Each structure stands twice: as structure tokens, then as C-alpha cells.
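Residue numbering restarts at 1 for every chain, and letters A, B, ... go by the order of the sequence lines. The structure displayed is predicted, hence computed values, not measured ones.
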Amino acid sequence: MFHSWYSRKENKAKPISELISIFETEGNVNHTCPGDENLQFDAAAWKAYSEKEKRDCLMQYRIAYQGYAQVWWCEALGTVLANDEVVNGVSERGGHPVERKNMRQWFLRITEFAERLIDSLDKLEWSDAMKEMQKNWIGKSVGAEVRFSLSPSLSEGEGEVTVFTTRPDTIFGVDFMVLAPEHELVDGITTAEQQNAVEEYRTYVKTRSERERMSEVKQVTGCFTGAYAIHPFTEKQVPVWISEYVLAGYGTGAIMGVPSGDERDHAFAKHFNIPITNIFGEKYNGEEAYSAKTSTIENSGFLSGMNIPDATEAAINALVKAGLGKRKVNYKLRDAGFSRQRYWGEPFPIIYIDGVPYGTDEGLSPSLSKGEGGISQLPVELPYVESYKPGPEGQGPLANITDWVNTDAGQRETNTMPGYAGSSWYFLRYMDPGNNTEFASRKATDYWNQVDLYIGGTEHAVGHLLYSRMWTKALYDLGHIGFDEPFKKLLNQGMIQGSSRFVYIFDYQLKEEKAELKLKGPLLLSLGLVKEALNNVEANMKLARKLADDYFSNSLFDELFSGWNFRPLRVDVSFVDGLELDIEAFKKWRPEYADAEFILEDGKYICGAEVEKMSKSKYNVVNPDDIVAQYGADTFRMYEMFLGPIDVSKPWDTKGIEGVHRFLKKFWRLYADETKGWVVTDEKATDAELRILHKTIKKISEDIERFSFNTSVSQFMICVNELSTLGCHKREILEPLAVVICPFAPHIAEELWQKLGNSGSVVAASFPAFEDRFVTENSKMYPVAINGKTRTEMEFALDADQASIEAAVLADENIIKWLEGKAPKKFIFVKGKMINVVV
RNA sequence: GCGGGCGUGGUGAAAUUGGUAGACACGCUAGACUUAGGAUCUAGUGCUGCGAGGCUUGGGGGUUCGAGUCCCUCCGCCCGCACCA
């Protein structure tokens with residue numbers, strides 16, 4: 001990726017060497033620079049560049065490139081934190097203050113692939129929901145880029161603000177401009193008198209996460225810069241503000257505020273008393289923005305009277321003609337941040353020489369190019385470290401290993417790659433894991449081709465699954481593999497969650513010196529008491545009063561506590577039977593509660609429960625090995641299938657596994673009796689037995705196709721119940737049945753297969769063919785409804801015609817009773833389904 | 001806030017194309033066999049009502065001969081939101 005660039009002309013990734021050749025002959029006239037759209041040079045200029053200038057320029061084209069991104073910086077911990085390590089604006093560990101800090105980072109230019117990532121979704125067998133999520137994440141929008149010049153007389157700096165808008169038709173409704181607080185122009189345009197206010201506001205914004213900035217739309221914040229921009233058509237001067245609702249990474253990091261047509265702009269204008277220009281005539285009521293797209297545009301110069309699509313076209317054409325803007329496609333998708341300041345992650349094969357990054361495979365020095373890792377010293381391996389402490393100035397731990405960082409060619413990159421680096425291509429490596437000259441041979445990837453079926457969770461919808469797709473396209477473009485989509489079919493499986501258990505500690509603050517506690521240990525309350533107290537102020541007071549009376553030396557309640565609450569504490573699920581706590585086991589596990597007092601309800605301590613991800617830290621882990629030891633792998637496997645549809649998440653609950661276990665025992669008893677031993681006979685099967693077998697073959701075949709394993713298990717249960725009732729022990733039925741059940745209960749199937757006298761494994765046996773003739777019926781019990789409510793059942797031949805059925809139904813005494821003498825208005829007969837009489 | 005998903009008995013669920021709601025299990029109740037039962041078998045089990053019957057798929061409304069399924073609307077829950085991986 002470092003050695004490649006994206007050709008917008010050919011719409012594919014290409015080697016960077018080809019770009020260098022192009023620059024040498026024609027400069028970049030035919031290849032707009034994705035990193036800097038205004039960069040232009042010819043061949044002569046290119047040749048005159050220094051080595052460093054050339055490399056800097058190429059960096060703006062590379063698919064793996066360096067840029068700047070904001071990270072959470074925690075001064076106290078001396079490290080960069082992940083989003084989920086920042087809680088309520090402070091570090092999760094230690095509660096230290098954090099702020100957004102700009103840092104140099106590696107990126108992958110996934111935005112260049114945006115269009116293809118949308119287009120080729122069509123050829124994937126993924127759920128519509130999944131495709132929808134990816135489309136929305138990529139967020140293609142068509143609109144215009146518009147330049148507003150700043151008013152030199154009123155602004156500190158001169159120049160222009162470029163905005164992206166999906167509604168160029170509303171350009172006459174612009175009443176203000178808003179820049180992201182991080183926007184590079186802000187420093188230059190802020191007037192002296194607004195300097196302090198702007199600084200203060202930016203300090204506030206630094207503490208805000210992007211999520212908060214997007215979510216909390218009701219609370220309007222912002223700050224005027226003192227600068228004004230000039231409307232391109234009316235020459236009206238509009239104030240330039242900064243506000244957190246404009247994000248630096250979206251579009252150009254600046255918007256034109258059209259309060260009459262956009263809700264957030266409207267709220268902003270109202271909040272800061274900015275006069276609102278109405279461009280929708282009567283459709284805009286002054287109270288809320290008119291954001292529907294069905295009005296005509298009014299009060300808008302040459303756009304007045306046009307509908308929205310026409311006005312959009314006209315506005316863009318006028319902007320282009322005036323040289324003030326252009327048509328533009330924008331994507332919400334951002335280039336993927338590819339640096340982490342962590343130890344665990346693939347190290348970059350990058351060396352800095354005089355601050356300029358080179359690939360370790362670029363022949364930098366003899367020792368590097370012939371080092372241990374092969375000719376190009378790939379792969380670069382993580383060095384051993386004594387400590388995982390962060391490096392200086394927010395660098396990763398690798399920065400501390402100076403021996404490793406400093407090579408005779410230059411300094412190594414100390415960032416590492418993120419988790420999705422490996423997850424984007426591991427499936428390719430699996431195709432050729434022993435290869436030590438390339439990631440996978442073309443022969444191997446051509447043979448194995450795409451992943452046929454990928455089972456994964458929706459949590460990967462817009463991360464891993466999008467990055468893998470981009471990665472695959474890049475490798476395809478560069479000729480390393482022969483397919484451009486990694487996962488042909490995708491199925492989302494649900495998660496088996498944990499069910500956590502909680503006890504509740506009475507947590508109180510005593511008023512000073514007022515009381516002595518009679519307790520030796522903490523006070524734990526059963527769930528029912530806590531629930532009642534939390535639901536009801538009176539109950540809460542009553543409970544506290546009672547606790548004061550029972551457990552404290554001073555029962556003058558009003559003088560006892562300054563406050564109290566019920567603090568939940570996780571307990572290991574193995575000490576809880578259902579919801580009832582084994583108090584002794586708990587005390588043993590947590591010695592600090594050995595002297596605790598437990599307040600019970602009905603003689604039991606009832607725990608609280610919550611469904612969460614299964615995790616050691618939540619003490620809610622159930623180990624599958626224990627289940628397998630108790631019930632066997634077949635029972636475990638079938639029970640997991642039986643729990644419900646494959647794509648639904650649910651908490652693990654061992655209750656119910658008995659049913660599946662009983663089923664397998666009953667299934668076994670068709671073949672072997674506890675006392676009599678093997679009971680399989682060679683008798684001829686009856687029609688009824690064959691019907692059961694073939695209904696089962698049909699159902700299982702269909703269910704497997706649609707991954708409906710829970711209903712398959714049900715069908716096996718129905719089959720075994722019916723065969724048991726018939727007392728069937730016939731080889732003609734039971735031998736094929738063992739083959740059908742094999743994918744669901746392979747161990748028992750294999751054993752029965754052997755006992756039936758077969759050589760070879762049951763997995764090699766061919767799946768029994770379904771034969772229609774065994775299951776066809778010639779009559780059907782029809783539900784007969786009056787006005788849609790089923791009142792009785794009547795049996796008719798399947799080939800009976802409507803007239804004879806109608807006559808029979810209307811003559812039926814049950815039906816006559818329900819008709820109550822009224823004449824039927826309509827008779828509905830759906831062959832093979834039902835009958836409905838409308839009166 | 002935005003995007004996606006889900007909501008059916010005491011519990012897990014089924015109903016595949018708009019056609020008998022609750023299949024199959026768990027649990028529970030009663031019984032049989034048994035020295036014993038955490039084995040096995042039988043019957044019952046959505047709610048309500050003595051009964052005929054009535055009610056019932058998160059709430060409300062609509063389309064239809066017929067709605068768990070389609071449409072509108074409201075409520076609730078779960079997942080993702082770019083440095084958890």
C-alpha cells in the first residue's frame with residue numbers, strides 16, 4: 001500500500017513507480033493530487049524537486065500515507081487513549097483530564113475506493129441490512145463546493161472559505177458561515193476582540209468527543225470569530241462562526257448556514273439571534289426549518305420560482321460560470337487511521353532517513369536489505385520489550401527500544417498497526433500459510449478463491465468488513481490476487497451472551513460521631529428490597545429506618561446518615577442457582593465479606609441479573625468444556641442449534657439442555673435397548689414409517705439451505721417421537737436416519753453407523769434422497785372459518801372442486817349453527833390452505 | 001443525534017409466499033412403573049370464564065374475506081458510530 005497510489009483515471013491502485021514515470025514526463029496535470037487538490041507541477045518542476053520534496057509529494061498520493069489526526073491525549077498518564085478508555089471526559093483509569101491532540105499518523109486512502117465499495121455490494125450475497133449499513137457509512141452525497149471570500153475590511157486575514165453543501169439551491173438563504181473549531185483558517189481570521197472568546201471556546205471543544213458533538217444537538221454552542229464572508233451572488237456580508245456541530249473531518253470542515261432550510265442551522269441562528277432569510281415563502285413558518293424537498297425556491301434572485309432539482313442545477317452552473325464553485329461528490333467515509341501508539345500490533349516496515357519515511361525494502365543499506373528477515377527484511381518483527389510503558393511525547397512503547405529504533409540506515413517507525421490490519425487479509429494467508437517469500441502465492445489464492453461463506457457479527461459491519469473489502473480490491477488491482485471481493489456470502493450469527501449476577505451493598509455515609517456501627521462487616525440486601533426502595537421514596541426511607549434500628553447503636557435515624565445508596569457488586573455466576581445466592585460460597589470467594597450481614601427475602605438472598613457480553617471481568621463465564629463433560633459434545637452442539645435462529649443473540653441458559661439430551665437418548669433407544677441390547681431388524685418398513693423418514697429428509701434438507709438449524713432439531717424430535725410411538729426399529733428407516741442426523745450429532749451418528757455394520761465413516765455416506773411418493777397425501781383437513789375465525793375442520797380430497805366443497809361446507813351442521821340463518825355473502829376457498837365463509 | 005436490528009405463553013422459540021398463532025422443547029401440575037429416581041412412560045398446561053364463549057403476537061390506528069406477517073404512528077430494548085478488537 002505504501003508503494004502504490006490510486007489512479008482516478010483507471011480507477012485502480014497502481015505501483016508508485018508508474019506515477020514517478022508519469023511525473024517525469026508530464027508532471028501531475030492528468031492526475032489530481034488526492035492529498036492536495038490544488039497541487040500542480042509539470043515535468044520540469046518535478047525534476048527540479050529535491051529528493052525530500054519528491055517524497056513529500058508522493059506521500060500525498062500513496063494509498064498508505066501520513067497525515068494528521070486528533071487523538072485523545074492524557075497528560076497525566078503520558079499516553080494516547082482509545083475512545084472507550086475515555087469516559088465522561090476523563091480517563092477511565094484514574095479519572096485524569098484528557099484532551100484532543102493533533103498527531104502525525106498513518107492512514108489508508110480508503111476514500112479513493114468509496115465508489116467501488118458501493119457499486120460491488122450488488123454482487124455480494126450479504127443481508128440488505130448489512131449492505132445498507134455500509135452504504136450509509138460510506139455516505140455518498142452529491143452537491144457542490146462553494147468558495148466564499150472573506151471580507152478584507154472586516155476580517156483580520158484575507159482569503160476564502162470553501163464549503164461543501166448538498167443543497168446549493170439554498171445558497172440565497174445563507175445567513176452565516178460555520179467553521180469547525182479546528183479549522184485551519186480560524187487563527188487567521190479571528191479579530192483581536194474575539195480572540196479570547198474563540199480561545200475559550202476552543203478549549204471547551206477540546207474536551208468534547210465527536211460523539212458528543214454529534215449527539216447533543218439540543219444544546220447549541222458556538223463562538224463568533226469577528227470575520228465576515230461575502231455571499232458570491234448577493235455580496236451580502238455574513239458572519240463567520242465556529243461551532244462544535246461542524247466537524248473538521250466532514251466535507252471541508254466548513255458549512256454555509258441556511259437556517260430556513262436546515263434544522264441545526266435554524267437552532268443555531270435562533271440561539272445566537274442571527275436574522276433568518278426565508279427562501280421558501282409560505283412553507284417556512286418562522287418556527288422551524290423547512291427541510292422537505294418539495295417546495296419551490298423563493299426570494300433567491302435568479303433561482304426564484306424554480307423547484308429544488310432545477311434550482312440545484314442552476315445554482316451549480318452559475319457557480320461554475322462565475323468560477324466560485326464546482327460540482328462535487330462527497331463521502332462521509334474518512335480515510336482509515338492506521339497508526340496506534342501501542343506495543344501489540346504489526347510494526348511498520350518503515351525507516352526514516354532525515355525525517356523522510358522509506359520502505360525497509362527500498363534497498364536502504366546492506367545490513368537492512370540482507371537482514372534476518374530476508375532480502376527486504378520482511379516481516380519486521382516486534383522487538384522484545386522490558387516494559388509496555390508508553391514512549392516519550394505520546395509515542396508508542398517501541399520508541400523506548402532505542403537499539404531497535406536506530407538502524408544504520410535511519411530510525412524505525414515506532415507506531416504499530418491497528419487490529420484491522422491483520423483481519424483485513426488473514427484469510428488470504430490461510431490459503432498459503434507456509435509461504436516465506438510472499439503473503440500467499442497467486443497459485444494458492446487462485447485455487448481457493450474467495451471465502452464462500454463468512455459467518456460474523458454485525459459489530460463488524462462498517463469496520464473490518466469494509467476494510468477487508470478495500471484491501472482485497474487493492475491487492476486485486478496490483479495483480480496479487482484474482483478476485484476483488486473477499487467474502488462472497490455473509491451470515492451474521494448472534495452472540496451467546498452471559499447473564500451476570502449482582503449483590504447489593506448498603507453504602508452509607510454517617511453523620512460525624514453520631515453513631516456507632518454494631519456491624520462487623522458490610523450489609524447486603526436482597527434484590528426485592530433494593531428494587532422497592534429504588535422505586536418508592538417512602539419504602540426507601542422505611543428500609544433505611546429499619547436498618548438504622550437493627551444494625552446501628554444509635555437509632556435516632558434523622559441524625560444517623562448523611563446519605564446512602566445500594567451499590568451493586570458482581571458475583572461469580574457459579575455461586576448463584578438461578579437467582580439465589582449461595583452465601584457461604586460467596587463469603588469464601590470474597591473474604592472481605594466473610595462478616596457481612598445478609599438481609600434476605602423469604603429466607604433467600606436473591607441476586608440482580610443483567611445480560612451482558614460474556615467476559616471474565618464480569619464473572620459470568622460459562623465454560624463449554626464443563627457442559628461437554630456433563631452431557632457430551634453432541635448434546636452441546638445440538639442444544640446450541642436448538643436455542644433459536646442462528647442470527648439472534650441471547651444469554652446462555654443451561655436450563656433446557658436436558659430436553660436435547662433426552663432426545664438423543666430416545667434416538668439411541670430406537671437402535672439399542674437398555675436390557676435387550678441391539679434391536680435393529682430387517683423388517684420391511686410401513687408406509688407410515690417411510691412417510692416420517694422422508695418428511696424428515698425433506699425438512700432437514702430445506703432447513704440446512706436456509707441455516708435454520710433450530711427447526712431441524714425440532715424435526716428430528718418429531719421424527720423420533722413418531723417412530724418411538726410406532727415402535728419402529730427397522731434398518732430401512734434407521735440407517736438413512738443416522739446419515740441425516742450426522743451433521744447435527746456426528747458422534748452418535750458415527751457410532752450407530754459402525755454398529756449397523758457399515759465400513760468407513762458416516763461422513764462419507766451420501767445423504768439419503770428425498771422421494772416425493774412417500775409423502776404425498778390425497779386429502780387435507782381444511783380449517784373452516786366464518787368471517788376469518790376458524791370454527792371447525794373438514795376433510796376434503798385435494799382434487800375436490802370448489803362447488804362440491806362449498807355445498808358440503810354449507811350443509812355442515814357446525815357451520816349452519818355459526819351462520820345463524822344468515823346467507824353467506826362470499827365463499828373463499830384456497831386450495832390446500834383453508835376455507836372462509838363471509839356472512 | 002445518525003445508521004441498523006429486534007419486540008409472540010412462566011422460559012427458549014415455531015409459523016418459509018397474507019391463510020388453523022404458540023409446532024418442538026424447558027418449566028410446572030397430576031398420575032403410572034419402582035427399594036430408589038436427577039431414569040422411563042401417560043395426561044394436562046397462552047389468558048379468562050361453570051359453560052357456550054370471549055380475549056391474545058409491545059400500544060394505538062389502517063388495508064384485507066383473512067394480518068404475528070403489509071402500511072402509518074407511538075413506546076421499549078439491543079448493536080455500531082471511525083483508537084475495544
Side-chain angles (χ1 to χ4, degrees), chain A residues 69-72 80-86 105 110 127-137 139 209-218 245 249 263-264 332-342 344-345 418-420 422-423 457-464 466-467 492 494-495 497 611 639 642-645 647-651 653-660 662-663 665-666 669 674 699 702-703 705-706 708 710-718 721 724 781-793 824-828 830 832-839:
Chain A
Q70 295 223 314
V71 295
W72 283 117
V80 172
L81 298 177
N83 283 337
D84 71 326
E85 292 171 323
V86 176
Q105 307 275 308
I110 190 172
S127 71
D128 289 339
M130 203 63 145
K131 291 181 181 180
E132 197 65 26
M133 277 189 262
Q134 292 215 334
K135 264 185 204 158
N136 289 331
W137 185 258
S209 70
E210 255 183 41
R211 185 91 51 87
E212 289 167 333
R213 287 171 61 173
M214 287 186 289
S215 308
E216 293 164 24
V217 292
K218 278 169 196 146
Y245 81 93
E263 268 173 56
R264 282 179 312 177
K332 208 165 78 191
L333 181 72
R334 289 180 253 162
D335 280 341
F338 203 62
S339 295
R340 299 291 182 267
Q341 295 72 44
R342 302 282 168 99
W344 293 111
Y420 69 81
S423 68
T458 44
E459 68 271 26
H460 298 301
V462 292
H464 161 55
L466 201 56
Y467 296 131
N492 295 124
M495 223 190 304
Q497 297 157 313
V611 172
Y639 180 54
F642 189 56
L643 275 175
D647 57 341
V648 176
S649 290
K650 56 174 63 71
D653 185 358
T654 313
K655 288 207 175 98
I657 199 169
E658 287 290 344
V660 175
R662 265 175 226 159
F663 156 75
K665 285 196 279 188
K666 192 167 181 178
R669 284 199 301 272
E674 245 178 286
K699 176 87 173 127
E702 289 167 357
D703 283 352
E705 282 305 314
R706 57 191 183 101
S708 178
N710 55 328
T711 52
S712 292
V713 177
S714 296
Q715 180 59 38
F716 280 121
M717 288 173 170
I718 292 166
N721 286 346
S724 297
M781 266 307 234
Y782 280 93
V784 184
I786 310 292
N787 287 339
K789 280 190 196 297
T790 306
R791 296 302 183 183
T792 187
E793 285 188 337
K825 231 190 270 176
K826 201 169 174 186
F827 189 89
I828 290 155
V830 183
K833 293 277 185 189
M834 47 70 69
I835 293 160
N836 187 18
V837 185
V838 185
V839 292

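For the pair A:I828 and A:I835, the minimum side-chain heavy-atom distance is 4.5 Å or more. Residues A:N492 and A:H460 are not in side-chain contact: their nearest non-hydrogen atoms beyond the backbone lie 4.5 Å or more apart.
Within the structure, a side-chain polar atom (N or O) of A:R340 is placed less than 4.0 Å from OP1 or OP2 of B:C83. Proximity of A:R791 to the phosphate of B:G66: no side-chain N or O atom is located under 4.0 Å from OP1 or OP2. Taking 4.0 angstrom as the limit, A:K332 places none of its side-chain polar atoms (N or O) nearer than this to OP1 or OP2 of B:A82. Checking the phosphate oxygens (OP1, OP2) of B:A25, a side-chain nitrogen or oxygen of A:N721 falls inside 4.0 Å.
A donor-acceptor pair is defined here as one N or O able to donate and one able to accept, closer than 3.5 Å; no such pair exists between the side chain of A:K666 and the backbone of A:N721. With hydrogens and angles disregarded, a donor-acceptor distance shorter than 3.5 Å links the side chain of A:N836 to the backbone of A:G788. A donor-acceptor pair under 3.5 Å is absent between the side-chain atoms of A:Y782 and the main chain of A:K833, judged by distance alone. Of the possible polar contacts, none joining the A:Q105 side chain to the A:F338 backbone as a donor-acceptor pair under 3.5 Å is found. Here the side chain of A:D335 pairs a donor or acceptor atom with the backbone of A:I110 at under 3.5 angstrom.
Residue contacts shown for A:F642 include a base, since a base heavy atom lies under 4.0 Å away. Using a 4.0 Å heavy-atom criterion, one finds that A:K699 contacts the bases of the nucleic acid, with or without backbone contacts as well. Contacts of A:A129 with the nucleic acid, taken as non-hydrogen atoms under 4.0 Å apart, involve only primed sugar atoms and P, OP1 or OP2. Using a 4.0 Å heavy-atom criterion, one finds that A:S339 contacts the bases of the nucleic acid, with or without backbone contacts as well. A:H464 comes within 4.0 angstrom of no nucleic acid atom, judged by non-hydrogen atoms across all strands. Counting any heavy atom pair closer than 4.0 Å across all strands shown, A:E85 reaches no nucleic acid atom. Residue A:V71 is classed as a base contact, given a heavy-atom separation below 4.0 Å to a base. Contacts of A:S714 with the nucleic acid, taken as non-hydrogen atoms under 4.0 Å apart, include base atoms. A:R669 comes within 4.0 angstrom of sugar-phosphate atoms only, judged by non-hydrogen atoms across all strands, and of no base. A:N710 comes within contact range of the sugar-phosphate backbone alone, with a heavy-atom separation under 4.0 Å but no base atom that close. Using a 4.0 Å heavy-atom distance criterion, A:I657 is classed as making no nucleic acid contact. When heavy atoms are screened at a 4.0 angstrom cut-off, A:K825 is found touching no nucleic acid atom at all. Using a 4.0 Å heavy-atom criterion, one finds that A:I828 contacts the bases of the nucleic acid, with or without backbone contacts as well. Base contact: A:Q105 has a heavy atom under 4.0 Å from a base atom.
Nucleotide B:U57 has no partner under the Watson-Crick or G-U criteria, as no pair reaches both atom distances under 3.5 Å. Of all nucleotides present, none satisfies the Watson-Crick or G-U wobble test against B:A15 with each distance under 3.5 Å. With a cut-off of 3.5 Å on both pairing distances, B:G49 has no Watson-Crick or G-U wobble partner at all. As the counterpart of B:C81, B:G1 is assigned, both hydrogen-bonding distances of the Watson-Crick or G-U wobble pattern falling under 3.5 Å. Judged by Watson-Crick or G-U wobble contacts below 3.5 Å, the nucleotide B:C70 has B:G62 as its partner. Checking B:G7 for Watson-Crick or G-U wobble geometry (two distances, each under 3.5 Å) identifies B:C75 as its partner. Shown here, B:A43 forms a base pair with B:U29; the pair counts as Watson-Crick or G-U wobble because both key distances fall under 3.5 Å.
Atom CH2 in A:W72 sits about 11 Å away from atom P in B:A82, given to the nearest Å. Summarising the geometry, the separation between CE on A:M834 and P on B:A67 is reported as 10 Å, rounded to the nearest angstrom. Remark: C1' of B:A25 and CZ of A:F716 are 16 Å apart, rounded to the nearest angstrom. In this structure, CZ of A:R662 is placed 15 Å from C1' of B:G12, rounded to the nearest angstrom. Atom C1' of nucleotide B:A21 and atom NZ of A:K833 are separated by 15 Å, given to the nearest angstrom. Put simply, CD1 on A:I718 is 12 Å from C1' on B:A15, counting in whole angstrom units. Rounded to an integer number of Å, the gap from OH of A:Y420 to C1' of B:G80 is 17 Å. Here B:U17 presents its C1' atom at 13 Å from CD of A:E702, a figure rounded to the nearest Å.
A donor-acceptor contact under 3.5 Å is not formed by the side chain of A:Q70 with the base of B:C83. A donor N or O paired with an acceptor N or O is found under 3.5 Å between the base of B:C83 and the side-chain atoms of A:Q341.
Along RNA chain B, the nucleotide nearest A:K789 and the nucleotide nearest A:K655 are compared for position; the residue whose nucleotide lies closer to the 5' end is A:K655. Annotation: of the two residues near RNA chain B, A:D653 and A:E793, the 5′-most nearest-nucleotide partner is A:D653.
Taking the C1' atom of each, B:G18 and B:C26 are spaced 32 Å apart, rounded to whole Å. Across the P atoms, B:C79 and B:U29 are found 36 Å apart, a figure rounded to whole Å. Taking atom C1' on both nucleotides, B:U69 is separated from B:U20 by 15 Å, rounded to a whole Å. Across the C1' atoms, B:C74 and B:C24 are found 35 Å apart, a figure rounded to whole Å. One P atom belongs to B:U57, the other to B:A21, and the distance between them is 12 Å to the nearest Å. On the C1' atoms, B:C65 is 40 Å away from B:G3, given to the nearest whole Å.
Taking the syn range as angles within 90° of 0, the glycosidic angle of B:G9 is syn.
Residue A:P645 has its side chain nearest to B:A14 when only B:A21, B:G4, B:A14 are considered. When distances run from any side-chain atom of A:N836 to the nucleotides B:G19, B:U16, B:G4, the shortest one goes to B:G19. Relative to the side chain of A:V838, the nucleotides B:C84, B:C65, B:G12 differ in distance, and B:C65 lies closest.
Taking the six-membered ring for Trp and thresholds of 30 and 60 degrees, A:Y467 and A:Y420 have nearly parallel ring planes, at less than 30 degrees apart.
Few gaps surround CD on A:E793; more than 12 heavy atoms of other groups in view lie less than 6.0 Å from it.
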